[in-house]
Amino acid sequence: MEDAAIVATHLMLGAYNAGVDSCWLNNFNPEELKRDLGLPEEEEILMLLDLGYASENAKPLVNHFSRKELTETVQWR
């Protein structure tokens with residue numbers, strides 16, 4: 001899983017560098033998708049990466065830039 005995350009990150013950065021938008025998708029049924037794509041049994045789908053161009057008026061969700069205070073999420077002793 002970690003290697004797949006590294007590869008996906010590099011793909012996303014490369015796409016961005018080429019002016020292409022991307023989105024990492026991991027909410028799907030991998031067995032159903034594997035069957036639908038006709039992949040061999042030894043293949044495993046870890047995630048999907050869609051690539052394309054966002055509409056000109058696309059923007060992050062309202063809460064995208066909101067953050068909790070560090071003291072709400074980190075504890076130290």
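As the structure is a prediction and not an experimental result, all values here were calculated from the model. Only heavy atoms go into these numbers, but all of them, side chains included; no hydrogens, no water, no symmetry mates.
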task: For residues Ser22 and Leu49, report the shortest heavy-atom separation together with the two atoms involved.
output: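 Distance-wise, the nearest heavy atoms are CB-CD1, 4.1 Å.
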Donor-acceptor contacts under 3.5 Å from residues 9-16 side chains, at least two apart:
unit_1: Thr9; atom_1: OG1; unit_2: Ala5; atom_2: O; d: 2.8

Test side-chain contact (heavy atoms from CB on, under 4.5 Å) applied to Glu69 - qualifying residues, sequence neighbours left out: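 Partners of Glu69 under the side-chain contact (heavy atoms from CB on, under 4.5 Å) test: Thr71, Glu72.
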Which side-chain N or O atoms in residues 56-68 pair as donor and acceptor under 3.5 Å with protein atoms at least two apart or in another chain?
unit_1: Asn57; atom_1: OD1; unit_2: Ser55; atom_2: OG; d: 2.7
unit_1: Ser66; atom_1: OG; unit_2: Asn63; atom_2: O; d: 2.9
unit_1: Arg67; atom_1: NH1; unit_2: His64; atom_2: O; d: 2.9

- prompt: Side-chain heavy atoms under 4.5 angstrom apart, residues restricted to Ile, Leu, Val, Met, Phe, Trp, Tyr: same cluster for Leu37 and Leu25?
  reply: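 Yes, same cluster.
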message: Let me check something: do Met47 and Val20 share a hydrophobic cluster, defined by ILVMFWY side-chain heavy atoms less than 4.5 Å apart, either directly or through other members?
response: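 Yes, one cluster joins them.
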Under 3.5 Å donor-acceptor, Asp21 side chain and Tyr53 backbone: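 No; zero donor-acceptor contacts below 3.5 Å.
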- request: Name all pairs fulfilling the side-chain hydrogen bond (donor to acceptor under 3.5 Å, both in side chains) condition that reach into residues 27-39, sequence neighbours left out, sorted by first residue then second.
  value: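 Checked against side-chain hydrogen bond (donor to acceptor under 3.5 Å, both in side chains) - neighbours excluded - no pair reaches residues 27-39.
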Only distances under 3.5 Å count here; give the side-chain donor-acceptor pairs of residues 38-46 to other protein atoms, sequence neighbours excluded, each with its distance to 0.1 Å.
none

